Novice: 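Sharing a structure with you now.
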Amino acid sequence: MSNWDVEKIRKDFPVLSQSVNGKPLVYLDNGASSQVPQSVIDRTSKYLSEEHSNIHRGVHYLSQHATNAYEAAREKVKRFINAKEAKECIFVRGCTEGVNLVAYSYGRKFIGEGDEILVSQMEHHSNIIPWQVVAEEVGARVVMIPMNERGELIIDEYENLLNERTKMVAISHVSNSLGTVNPVKQIIATAHKFGVPVLVDAAQSVPHFPVDVQDLDADFFVFSGHKMFAPTGSGVMYGKREWLERMPPYQTGGGMIRNVSFEGTTFAPIPDKFEAGTPAIAAGIGLGAAIDYINALDFNAAAAYEHELLDYATERLADIPGVKIVGTAANKASVLSFTIEGIHPHDIGTILDQQGIAIRAGHHCAQPVMQFFDVPATARASFAFYNTREEVDKLADAIQKVIEVFA
Ligand SMILES: *Cc1c(COP(=O)(O)O)cnc(C)c1O
């Protein structure tokens, strides 16, 4: 394996050292939510115990202190994704809220009757439904970019679907149900030839490899903190300034105005325009600490290690008769979805849980993917850089046992 001291890394994550059902916890549900390192817990706790106050409005010591910490987190986000400006990084509750923000704000203004929104077949529901709802409202259509049997987007078909009616392309960087890494840079470049902006759902990419929104030339780039080692309630919607300035607010209320009267209201500049009300301050500061944690790692080495782990797990599971891997794209990250002939994924999940192994079983909020592969659900192991080869062995052995139980 690559030069990665996983045992040292594991010590940073207190959750991992517990037992579940009498067995050491094997946490393979990182695609749903990743664990939180002690440094992030400490930073969040320090905020709550020493610095808590509402931000942006106060002239007093604590409020200024909290504001500084929150805005410092925004700067960290900017550097983490290489945005041009911190003001382009809007704090949201998570990826879902980020997509909803773009769908309603951009959609109601720039998408109209007869227009088309291209959404890939492998999207998470949170990158499908907001577009459907907006499309219905404005009289537009959501058009699906299809994938092949390996779970790779069919790029030729995508290019054929782009036309002068296309007003948005919404696509995941990494599929949460299949693990496919999509060629988003190429997808964006093609869309831009038609003048079409692209929203990248980066929920499953930011925890697994370095990203650069300027290099990708993404117009919108959204992700959740809780999948990248930060607390729930934190997340980011990055948008290019030229779009954000032209877009109306998504939610309105306190903190996002320039001037209010009953004759009319004017809105604050970005990012405040999109951050109505009191935000999740502790979670936002925690997200900044999670970025500090990642920055202190060799993130490229982490990605390489994780990739070896995924390859190893794929090999181990492919060797078990009756196991079928769902999603066999050439370029994958973190996710291993599978089915076992004759056994429902929920039963697999329940039996593995008795062994202390946490995986996910279900449709993974990607029912169109399940329909395409003609399965009701899959079992999904999803990895982080703190998982080990031994854990993969335990997974494979436990799956073997499941098959014996049902034989
Ligand atoms: C988890 C996930 C989402 C939704 O994220 P929330 O944190 O639940 O808002 C969207 N897209 C993908 C690819 C995901 O994995």
Side-chain angles (χ1 to χ4, degrees), residues 28-36 77 81 90-104 119-133 145 147 151-153 168-184 187 198-209 211 216 218 220-238 250-251 279-280 283-284 286-287 290 306 310 326-327 329 331-337 358-370 372 377-378 380-384:
L28 299 176
D29 195 18
N30 296 287
S33 204
S34 55
Q35 296 300 344
V36 180
V77 169
I81 61 173
I90 311 299
F91 280 124
V92 289
R93 180 167 59 83
C95 188
T96 302
E97 191 179 47
V99 179
N100 274 273
L101 192 167
V102 180
Y104 292 110
V119 174
S120 98
Q121 192 166 17
M122 69 178 78
E123 292 314 299
H124 188 284
H125 294 164
S126 66
N127 201 21
I128 300 176
I129 306 165
W131 300 113
Q132 288 176 329
V133 172
I145 308 165
M147 62 183 172
E152 294 163 329
L153 290 180
M168 172 60 76
V169 174
I171 197 120
S172 52
H173 204 173
V174 176
S175 152
N176 71 303
S177 56
L178 300 167
T180 311
V181 181
N182 287 314
V184 288
I187 287 168
V198 178
L199 176 140
V200 178
D201 171 351
Q204 298 291 344
S205 60
V206 288
H208 300 295
F209 51 80
V211 298
L216 294 174
F220 302 100
F221 191 87
V222 294
F223 53 94
S224 296
H226 72 96
K227 296 186 184 188
M228 52 170 289
F229 322 109
T232 52
S234 62
V236 174
M237 190 284 287
Y238 158 85
Y250 162 55
Q251 295 177 339
L287 176 60
E306 235 184 75
L310 177 64
V326 180
N331 194 1
K332 283 183 68 172
S334 171
V335 168
L336 188 55
S337 263
I359 62 156
R360 184 140 295 237
H363 54 61
H364 317 295
C365 301
Q367 285 183 357
V369 171
M370 303 299 120
F372 177 82
T378 72
R380 180 189 73 183
S382 52
F383 303 96

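Counting convention: from 1, in listed order, for ligands and their atoms alike. Because the structure is a prediction, the values reported are computed rather than measured.
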Novice: Please report whether ligand 1 has a polar contact with Asn176, defined as an N or O pair separated by less than 3.5 Å (distance criterion only).
Specialist: no
Novice: To which protein heavy atom is atom 13 (C) of ligand 1 closest, and what is the distance rounded to 0.1 Å?
Specialist: Asp201 OD2, 3.4 Å
Novice: At a non-hydrogen distance cut-off of under 4.0 Å, which region of Lys227 contacts ligand 1 (side chain, backbone, both, or neither)?
Specialist: side chain
Novice: Going by the order shown, which atoms of ligand 1 are within less than 4.0 Å of some heavy atom of Thr96?
Specialist: 4 (C), 5 (O), 6 (P), 8 (O), 9 (O)
Novice: Would you call Val119 and Ile145 a side-chain contact if the rule is heavy atoms closer than 4.5 Å?
Specialist: no
Novice: Quick one: look up the protein heavy atom nearest atom 10 (C) of ligand 1 and list residue, atom name and how far away it is.
Specialist: Ser126 OG, 3.1 Å
Novice: Should Val198 and Phe220 count as side-chain neighbours, where that means a heavy-atom distance under 4.5 Å?
Specialist: no
Novice: In terms of atom number and element, which parts of ligand 1 are under 4.0 angstrom from non-hydrogen atoms of Ser224?
Specialist: 5 (O), 6 (P), 7 (O), 9 (O)
Novice: Under 4.0 Å from a heavy atom of Gln204: which atoms of ligand 1 are those, numbered in the order shown and with their elements?
Specialist: 13 (C), 14 (C), 15 (O)
Novice: For residues 358-368, dump all side-chain donor-acceptor pairs below 3.5 Å to protein atoms at least two apart in sequence or in another chain.
Specialist:
unit_1, atom_1, unit_2, atom_2, d
Arg360, NE, Asp29, OD1, 3.3
Arg360, NE, Asp29, OD2, 3.2
Arg360, NH2, Asp29, OD2, 3.1
His363, ND1, Cys365, N, 3.0
His363, NE2, Gln367, NE2, 3.3
His364, NE2, Gly362, O, 3.2
His364, NE2, Thr378, O, 3.2
His364, NE2, Thr378, OG1, 2.7

Novice: Say whether His226, considering both its backbone and side-chain N or O atoms, lies within less than 3.5 Å of an N or O atom on ligand 1.
Specialist: yes
Novice: Which residues pass the salt bridge (Lys or Arg N to Asp or Glu O under 4.0 Å) test with Glu97, not counting sequence neighbours?
Specialist: none
Novice: With a 4.5 Å cut-off on side-chain heavy atoms, are His173 and Asp201 touching?
Specialist: no
Novice: Report yes if Ser172 has an N/O atom closer than 3.5 Å to an N/O atom of ligand 1; otherwise report no.
Specialist: no
Novice: Any side-chain heavy-atom pair from Val174 and Thr180 closer than 4.5 angstrom?
Specialist: no
Novice: Let me know which of Ser177, Ser175, Ser172 forms a side-chain hydrogen bond (donor to acceptor under 3.5 Å, both in side chains) with Glu123.
Specialist: Ser172
